[in-house]
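These numbers were taken from a predicted model, which means no experiment stands behind them.
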Protein chains: 4
Amino acid sequence: MSFPRTKIISMSNGQNKSNPPHVQNRGRKATQAILDASLELAEQSGLDSVTVEGIADYAGVAKTTIYRRWPNVSSILMDAVLSQVNAAAPIEEQSTLRETFAVSMKLLTKLYAGRNGKILRALIGRAQVEESLREAIETRWVEPRRKLARELLRRGMRRGEIRPDLDTDVVLDLLYGAIYHRLLVPYKNGKLNERFVEVLLDAVFGGITVRPGTS
Amino acid sequence: MSFPRTKIISMSNGQNKSNPPHVQNRGRKATQAILDASLELAEQSGLDSVTVEGIADYAGVAKTTIYRRWPNVSSILMDAVLSQVNAAAPIEEQSTLRETFAVSMKLLTKLYAGRNGKILRALIGRAQVEESLREAIETRWVEPRRKLARELLRRGMRRGEIRPDLDTDVVLDLLYGAIYHRLLVPYKNGKLNERFVEVLLDAVFGGITVRPGTS
Amino acid sequence: MSFPRTKIISMSNGQNKSNPPHVQNRGRKATQAILDASLELAEQSGLDSVTVEGIADYAGVAKTTIYRRWPNVSSILMDAVLSQVNAAAPIEEQSTLRETFAVSMKLLTKLYAGRNGKILRALIGRAQVEESLREAIETRWVEPRRKLARELLRRGMRRGEIRPDLDTDVVLDLLYGAIYHRLLVPYKNGKLNERFVEVLLDAVFGGITVRPGTS
Amino acid sequence: MSFPRTKIISMSNGQNKSNPPHVQNRGRKATQAILDASLELAEQSGLDSVTVEGIADYAGVAKTTIYRRWPNVSSILMDAVLSQVNAAAPIEEQSTLRETFAVSMKLLTKLYAGRNGKILRALIGRAQVEESLREAIETRWVEPRRKLARELLRRGMRRGEIRPDLDTDVVLDLLYGAIYHRLLVPYKNGKLNERFVEVLLDAVFGGITVRPGTS
DNA sequence: TTTTAATCGAGACGGTACGTCGCGTCTTGTT
DNA sequence: AACAAGACGCGACGTACCGTCTCGATTAAAA
């Protein structure tokens, strides 16, 4: 999935002589109307009943205009959600590793409780069956975050906060995996909240085995 | 989702007088043909293109016969998969907790690599958007396994293998969450294999922090 | 074009055990509603703007129901028109050949002036470009009438009313051709009325050359 | 239909100052490319699938350039065909009336068997439903020919070849109507060839009734 | 020679209709 | 009574063209 098929080109450079029309004014308005409509409709009635025709109607746009930019509904929602979501749960370094992840993971649980998070969760579900969506999520959501997080882990290793022989990805699977487990794998009373993040971090950073002198 | 609407009743007891007819011979054949067809078609062309009409054709069965038993495609596949999957990755106690989970988790990764696992993964994805499916997965797949695993963890606590103050569910999220993370959240080179399970267990049971005298 | 794909079977015979459903009550109603709607819409806004969707809406019927019976709009209109038109301009023998054709041709001009005639004219136009429609018109409209007319001509020959060496089809082209010429080939002040029929018959039966003793 | 909207003005006169540019070189090329493309495409795949977009592509011309000159596809084809067809079946006086029409009608049957004739036939069909096309055919094809033919008939009357009391239009409907009947009204084995023309003329000029002393 | 204004190609836009697929309901014999 | 068969109303799909509307990029004329 390479959406939008034609990338919206930043207007910040001086000369934009020959941008394709939809990058220009008329088309840009249509693009935005489509993205807005898709979010609006997804919120109103669930991702599953968002249709291209529905979006076209709601956005006051022709179906062809949509198909000129995106191949299907998931890719529209993907664009719409990611443009808003990437900033919503940043990963920023705090004084300690534990604190860094505490902050990040709490933001993440908050994100998934909100409108865009609900849609993102549905998209991750859908990605199990739609390869192009899988790639898009990986490229535009997961990997950029992982890259950052790996770097932070490595700095924590250098600082002696965690064992230097660990596979950083395994550590991330441990931390974030627990969250996504509660999010995606249905399980009674698996609340996803700040309390859970703290208990989780206790277990991960404190270790789960009985250590002499720890009790 | 309450599927199957009509539970297939075991014939092993002596009197089956009051079973609905389709549970008897004619209907039982149809039921089985439907389940088989759904798996066959899901494998052939992806869960997303499995349709009630397709199953009816393939199974040589009328659509009404399908709708008499299940409300939609996911519920058919749910039944078809679970009947085979629940036995495929049992959780059985080994000599140590670590060993117990090592065995269980390796079986699980193997399961998700196979035909039924692929379908189950797609169903978990679909469940993000279909409440009844979410419940079914919880009730018939996740909770039974969690219940067992919790008990084993508690026995490990009593034996002193792990800290007794831990929330068992958090520990399970830690262990299995990492696996599901790799399974569901697309991430480059996130291989799901036995090696990963071992490294993961090292981190969980060994702890991730630098411990005096461990280096 | 073999429309309707499934012929409406007369119910007059005693046993109609296994007619396809649309021949039975529900379907028969739909069929009639479609035919009625097509005529209604053709009259309202011209054959060219009759669409399958429009007919479906007007008839309160699903598009698929239409496509199950007919392949396109022209074939619907063809059925609708012919069911009414074949009786409207019968060819019936009168006391003389000239009288026979006078009556028939006057009926024909009247037919083409009416609702169904206007549609039939448009269909003949459309047939220039749609082979299946051409065949349908030939089989169900033109040929049956020509067959009758040829026979009447032959009887006229036997009675000595016209030359026995004539090609009957050529005579028919002469008579009816003049009418269709005025109908189809646009030509100013080419009125198509009873007066024209009489003048035409004068020319054909009287001959156009100057005959000794005729003046 | 007033096509072409902008009349192609002959360049033979000395001053062409005020001609719109497309009548000059650049535009003239485009105009010709459009006309050629329309004929080419009509021949390739039938008049019904000739589209403005198709012509634009084939001619390497923008859609706007087409719409600047013609309002729709039929008018383009009308122009394209008439520019070639008017010369193809001229009506020229021969030694006798019968000979005059024999030659003319044979040329006409030949015309309708060729590429342009097939398109013209389709246009006449289309004209049943498109008023502006009807007018164009009348003004630019039918009437000029009728005017000529009427005059020739009148001279034949003066020469005593045919009855002077006849309505010339009726005679023309008789003669040409037979041809158009075979052309437009589908009828099995209604071959349109020179043999038919001869037999037809025999019937018209010989009369169809049994005449004393003719046998 | 340079400007300038009409026309050009290209193709996006809002629409309408197409013909198809699958849904879940229904109806009709058959088993 | 449940079954196979399949028609039904419905909603959405993705595509083809419609006729309108910007866009720079040619031109060929006027300045």
Novice: Assess whether one donor atom and one acceptor atom, taken from the side chain of C:Thr64 and the base of F:dC10, lie less than 3.5 Å apart.
Specialist: yes
Novice: Which heavy atom of A:Thr65 sits nearest to which heavy atom of A:Ile34, and what is that distance?
Specialist: CG2-CD1, 4.3 Å
Novice: When you get a sec, tell me which of E:dT25, F:dT20, E:dG14 is the closest nucleotide to the side chain of D:Tyr67?
Specialist: F:dT20
Novice: By nearest nucleotide on DNA chain F, pick out whichever of A:Val73 and B:Ala59 is the more 5' one.
Specialist: B:Ala59
Novice: With side-chain contact (heavy atoms from CB on, under 4.5 Å) as the test, pick out the partner of A:Gln128 among B:Lys118, B:Arg121, B:Gln128.
Specialist: B:Arg121
Novice: Rounded to the nearest angstrom, tell me the gap between atom CD1 in A:Ile66 and atom C1' in F:dT15.
Specialist: 15 Å
Novice: Just how far, in rounded Å, is P of E:dC23 from CG of B:Asp48?
Specialist: 11 Å
Novice: Minimum heavy-atom separation for D:Val61 and D:Ala30, please, with both atom names.
Specialist: CG2-CB, 4.0 Å
Novice: Rounding to an integer number of Å, can you tell me how far C:Ile55 CD1 sits from E:dG19 C1'?
Specialist: 14 Å
Novice: For a quick check, tell me whether the side chain of A:Lys63 and the base of F:dG14 share a donor-acceptor pair closer than 3.5 Å.
Specialist: yes
Novice: Could you tell me how far apart A:Tyr58 (OH) and E:dG14 (P) are, to the nearest whole angstrom?
Specialist: 17 Å
Novice: Taking any heavy-atom pair under 4.0 Å as a contact, classify D:Gly60: base, sugar-phosphate, or nothing.
Specialist: sugar-phosphate
Novice: Over how many whole Å does the gap from D:Lys29 atom NZ to E:dT7 atom P extend?
Specialist: 18 Å
Novice: For E:dG9, does OP1 or OP2 lie under 4.0 Å from any side-chain N or O of D:Thr65?
Specialist: yes
Novice: Taking only side-chain nitrogens and oxygens of B:Arg69, does any of them come within less than 4.0 Å of OP1 or OP2 of F:dA2?
Specialist: no
Novice: Of A:Val61 and D:Ala62, whose nearest nucleotide on DNA chain E comes first from the 5' end?
Specialist: D:Ala62
Novice: Does a side-chain N-to-carboxylate-O contact under 4.0 Å join C:Asp48 and D:Arg126?
Specialist: yes
Novice: Take the protein atom CZ of A:Arg28 and the nucleotide atom P of E:dA12, then report the distance between them rounded to whole Å.
Specialist: 17 Å
Novice: Establish, with yes or no, whether the OP1 or OP2 oxygen of F:dA2 is under 4.0 angstrom from a side-chain nitrogen or oxygen of B:Arg68.
Specialist: no
Novice: I'd like to check D:Arg134 versus D:Glu131 (side-chain heavy atoms, cut-off strictly below 4.5 Å). Are they in contact?
Specialist: yes
Novice: When the distance from CD of A:Glu53 to P of E:dT16 is rounded to whole Å, what number comes out?
Specialist: 12 Å
Novice: To the nearest Å, how far apart are B:Asn72 CG and E:dG22 C1'?
Specialist: 14 Å
